[in-house]
**Q** 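Quick one: structure below, then a few questions.
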Amino acid sequence: MTAPLRNSDPITVDVALAGRAYDIVIGRKLLAGLGQRIAALRPGARVAIVTDETVAGLHLAAAEASLAEAGITASRIVVAAGEGSKSYPVFERVCEELIGARIERNDLVVALGGGVIGDLAGFAAAAVRRGLDYVQVPTTLLSQVDSSVGGKTGINSRHGKNLIGAFHQPILVVSDTALLDTLSPRIMRAGYAEVAKYGLIGDADFFAWLEANWRDVFSGAGAREHAIAVSCRMKAQIVARDERETGDRALLNLGHTFGHALEAAAGFSDRLYHGEAVSIGMALAFAFSAQRGLCSSADAERVVKHLTDVGLPTRIDQIPGDRPDAERLIELIGQDKKVRRGRLTFILARGIGQSFIAPDIDVADVRAFLGDQLR
Ligand SMILES: NC(=O)c1ccc[n+]([C@@H]2O[C@H](COP(=O)([O-])OP(=O)(O)OC[C@H]3O[C@@H](n4cnc5c(N)ncnc54)[C@H](O)[C@@H]3O)[C@@H](O)[C@H]2O)c1
Ligand SMILES: [Zn+2]
């Protein structure tokens, strides 16, 4: 783990994918220099900014001013905020508007927004003219530490989330950490669950550092840049080893098997944000690991304590509204994950920072565990 850096120093994390390597630049107030970076990277390129209505109201003017200052011609495509924009009709509109704005092979798409915009604009960039380059300017904590790293793009199908898409890596990611100051505390906390996840997957020192410094991550002190950089670095390393998720990349799903089932049970609604579901899912994954004698119950309790300290839920009964039963959750897990002969793959832990892929977990054990949790 590297020492925290001063506020004013942007941190660069490089994503080392052969032929498609790119930089993630992380720092406060980087939006002002976006135009300069783009002009240096792609002189003469036109730009189309894809963003959502909420982000447009807060940060689009600054992004456009920065591009104009660098002499870049930019158009804008503004879609409704929210998951509903990861749909065929909105995808079609974005593609048609990119073509209408005469964005060509040498030009750039800029995705200014959270994970929804990154996934939507990235997929449109992958499809229009068989592939346009794009730059991500993630504006939520979740998108700065997770969705902007790794090149997964896409939209939702009526059969499920993210079922239509492409791997398409950006050519640059500019993470302006000051943009997070306008996020609601609840959305910020939900994104933080993914930050904690990196510590729990493979970096016990980072988790201990978060236990001591999480308040500064939220308040926007220099700790925020450090936390984002460590997170990106870990995801970048895992993705570089396994871009298409045939092995190690599955570790990033810690907490997500339980989490996705809980999200589905809550109807993918405001009752439970993705990061909140992951928080409960990680607490459950550690409790399940402890029950199986894989990790100490002290570690499982430490996970719960930290997530609770920051204000995240860790128990199923903290989800407002109807509570799903164990049977329903097992059914939802089965829809999300391949179950072969009553067994499925889980991400479990031998301790904090020691997660591993457990390929052969008996569904009956999971059902019994969930039954206990819900009692
Ligand atoms: N591609 C990947 O690898 C990957 C990984 C994880 C998640 N995702 C996807 O990311 C999406 C979730 O991302 P998200 O949580 O960023 O959601 P989001 O993009 O919907 O943003 C959440 C809300 O915050 C608002 N917002 C964004 N930036 C803001 C800012 N700076 N200030 C105030 N409000 C702001 C948005 O308008 C939206 O209402 C999901 O669709 C998920 O599937 C993708
Ligand atoms: Zn996630």
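Residue numbers count from 1 along this sequence. Every number for a ligand or one of its atoms is a count from 1 in the order of the listing.
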**Q** Could you walk me through whether V135 and R37 pass the side-chain contact (heavy atoms from CB on, under 4.5 Å) test, one step at a time?
**A** CA-CA 10 Å; V135 172; R37 283 181 200 277; over 6 Å; no
**Q** May I ask you to identify the nearest protein heavy atom to atom 35 (C) of ligand 1, giving residue, atom name and distance to one decimal place in Å?
**A**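 Minimum-distance protein heavy atom for atom 35 (C) of ligand 1 reads L183 CD2, 3.5 Å.
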**Q** Taking the Zn ion (ligand 2) as the vertex, what is the angle from NE2 of H256 to NE2 of H274, given to 10 degrees?
**A**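 Vertex the Zn ion (ligand 2), arms to NE2 of H256 and NE2 of H274: 100°.
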**Q** In E194, which N, O or S atom comes closest to the Zn ion (ligand 2)?
**A**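 For E194, the N/O/S atom sitting closest to the Zn ion (ligand 2) is OE2.
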**Q** Between the candidates G115, G154, G82, which shows the shortest non-hydrogen contact distance to atom 11 (C) of ligand 1?
**A**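 Looking at heavy atoms only, the winner is G115.
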**Q** Can you tell which part of L142 has a heavy atom less than 4.0 Å from ligand 1: side chain, backbone, both or neither?
**A**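 The answer is the side chain of L142.
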**Q** Which ligand 1 atoms does K86 reach within 4.0 Å, using its non-hydrogen atoms?
**A**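 Taking each heavy atom of K86 in turn, ligand 1 has 9 (C), 40 (C), 41 (O), 42 (C), 43 (O) under 4.0 Å.
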**Q** Is it true that E211 and K305 make a salt bridge, defined as a side-chain N closer than 4.0 Å to a carboxylate O?
**A**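 Salt bridge between E211 and K305, a charged N being under 4.0 Å from a carboxylate O: no.
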**Q** Can R375 and D372 be counted as an ion pair, charged N to O under 4.0 angstrom?
**A**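 Yes.
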**Q** Atom CD in E194, atom OG in S147: separation rounded to 0.5 Å?
**A**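 Result: 9.0 Å between the selected atoms.
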**Q** Looking only at heavy atoms, is any part of H274 under 4.0 Å from ligand 1, and if so is it the side chain, the backbone, or both, or is it neither?
**A**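 It is neither; nothing of H274 touches ligand 1.
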**Q** Nearest heavy atom to atom 38 (C) of ligand 1: which of D176, T51, D52 does it belong to?
**A**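 Going through D176, T51, D52 one by one, D52 has the nearest heavy atom to atom 38 (C) of ligand 1.
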**Q** Please state which protein non-hydrogen atom is closest to atom 33 (C) of ligand 1 and give its distance, to 0.1 Å?
**A**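 Checked against all protein heavy atoms, atom 33 (C) of ligand 1 sits closest to T182 O, 3.2 Å.
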**Q** Ignoring hydrogens and angles, state whether a donor on the side chain of T182 or H59 is under 3.5 Å from an acceptor on the partner side chain.
**A**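 Yes - a donor-acceptor pair under 3.5 Å links their side chains.
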**Q** L179 versus ligand 1: do any nitrogen or oxygen atoms come within less than 3.5 Å of each other?
**A**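 Between L179 and ligand 1 (N or O atoms, distance only) the closest approach is under 3.5 Å.
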**Q** In ligand 1, which numbered atoms sit nearer than 4.0 Å to a non-hydrogen atom of H59?
**A**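 So the atoms of ligand 1 that pass are 31 (N).
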**Q** I'd like to know if the side chain of R224 and the backbone of R28 have a donor-acceptor N/O pair within less than 3.5 Å.
**A**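 Not confirmed, R224 side chain does not pair with R28 backbone.
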**Q** For atom CD of Q291, is the number of surrounding heavy atoms from other residues, nucleotides or ligands below 6.0 Å larger than 12?
**A**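 More than 12 within 6.0 Å, yes.
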**Q** Verify the ring-centre separation between F123 and F91: is it less than 6.0 angstrom?
**A**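 Yes: the rings meet the under 6.0 Å criterion.
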**Q** Does any N or O of ligand 1 fall below 3.5 Å from an N or O anywhere on G113, backbone included?
**A**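 No, since none of the N or O atoms of G113 sits under 3.5 Å from an N or O of ligand 1.
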**Q** Could you grab the distance from atom CD of Q136 to atom CD1 of I117, nearest 0.5 Å is fine?
**A**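 With rounding to 0.5 Å, CD (Q136) is 10.5 Å from CD1 (I117).
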**Q** Measure up the F218 and W214 rings against each other and bin them: parallel (under 30°), tilted (30 to 60°), perpendicular (over 60°).
**A**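 Ring orientation of F218 relative to W214: perpendicular.
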**Q** Based purely on interatomic distance, does S143 place a nitrogen or oxygen under 3.5 Å from a nitrogen or oxygen of ligand 1?
**A**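 Such a contact does not occur with ligand 1.
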**Q** For ligand 1, which part of T139 has a heavy atom less than 4.0 Å away: the side chain, the backbone, both, or neither?
**A**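 Both backbone and side chain of T139 come within 4.0 Å of ligand 1.
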**Q** Applying a heavy-atom cut-off of 4.0 Å, say which part of E194 lies close to ligand 1: side chain, backbone, both or neither.
**A**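 It is neither part, as no heavy atom is under 4.0 Å.
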**Q** Starting from atom 18 (P) of ligand 1, which protein heavy atom do you reach first, and at what distance in Å?
**A**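 Of the protein heavy atoms, V116 CG2, 3.9 Å lies nearest.
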**Q** Please state which part of N162 comes within less than 4.0 Å of ligand 1, counting heavy atoms only: side chain, backbone, both or neither.
**A**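 The side chain, only.
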**Q** Mind checking whether Q136 has a heavy atom under 4.0 Å from ligand 1?
**A**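 The answer is no: ligand 1 sits nowhere under 4.0 Å from a heavy atom of Q136.
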**Q** How close does the nearest protein non-hydrogen atom get to atom 9 (C) of ligand 1, and which residue and atom is it?
**A**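 It is D119 OD2, 3.4 Å.
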**Q** Just which atoms of ligand 1 are under 4.0 Å from any heavy atom in K161?
**A**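 Those of ligand 1 that fall under 4.0 Å from K161 are 40 (C), 41 (O), 42 (C), 43 (O).
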**Q** Identify, by atom number and element, the atoms of ligand 1 in contact range of I187, meaning under 4.0 Å from any of its heavy atoms.
**A**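 Near I187, meaning under 4.0 Å from one of its heavy atoms, ligand 1 has 23 (C), 24 (O).
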**Q** Please determine whether side-chain contact (heavy atoms from CB on, under 4.5 Å) holds for the pair L344 and V363, giving the CA-CA distance in whole Å, both sets of side-chain angles, and the decisive distance to 0.1 Å.
**A** CA-CA 7 Å; L344 83 171; V363 174; 3.8 Å; yes
**Q** Relative to ligand 1, is E53 under 4.0 angstrom through side chain, backbone, both or neither, heavy atoms considered?
**A**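 Answer for E53: neither.
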**Q** Quick one: does ligand 1 sit under 4.0 Å from the side chain of L180, the backbone, both or neither, non-hydrogen atoms only?
**A**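 Neither part.
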**Q** Return the orientation label for the F258 and F346 ring planes: parallel under 30°, perpendicular over 60°, tilted otherwise.
**A**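 Plane angle between 30° and 60°, so tilted.
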**Q** Can you confirm whether R302 sits close enough to F207 that some side-chain heavy atom of one is under 4.5 Å from a side-chain heavy atom of the other?
**A**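 They are in side-chain contact.
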**Q** Of the listed options (S147, A56, G84), which comes nearest to atom 8 (N) of ligand 1 when hydrogens are ignored and any heavy atom counts?
**A**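 That would be S147.
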**Q** Where's the contact between K235 and ligand 1, heavy-atom distance under 4.0 Å: side chain, backbone, both or neither?
**A**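 It is the side chain that touches ligand 1; the backbone stays farther off.
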**Q** Please list, in number order, the atoms of ligand 1 under 4.0 Å from a heavy atom of E83.
**A**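 Within the 4.0 Å cut-off of E83, ligand 1 contributes 40 (C), 41 (O).
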**Q** Do any of the N/O/S atoms of D146, backbone or side chain, fall under 2.8 Å from the Zn ion (ligand 2)?
**A**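 No - counting backbone and side chain alike, D146 has no N, O or S atom under 2.8 Å.
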**Q** Using a 4.0 Å cutoff against the non-hydrogen atoms of G114, which atoms of ligand 1 qualify?
**A**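 In order of numbering, the contacting atoms are 16 (O), 19 (O).
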**Q** Ignoring hydrogens and angles, tell me if any N or O in the side chain of D176 forms a donor-acceptor pair with the backbone of L30 under 3.5 Å.
**A**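 It does hold such a pair.
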**Q** Any idea which atoms of ligand 1 are less than 4.0 Å away from a heavy-atom of L58?
**A**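 This gives 32 (N), 33 (C) as the contact atoms.
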**Q** To the nearest 0.5 Å, tell me how far D146 CG sits from H274 NE2.
**A**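 The distance works out to 6.5 Å.
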**Q** D146 heavy atoms, cut-off 4.0 Å: which ligand 1 atoms fall inside?
**A**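 Counting from 1, the qualifying ligand atoms are 5 (C), 6 (C).
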**Q** Look at the rings of F288 and F369 and say which category their plane angle falls in: under 30° parallel, 30 to 60° tilted, over 60° perpendicular.
**A**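 Ring orientation, 0 to 90° scale: tilted.
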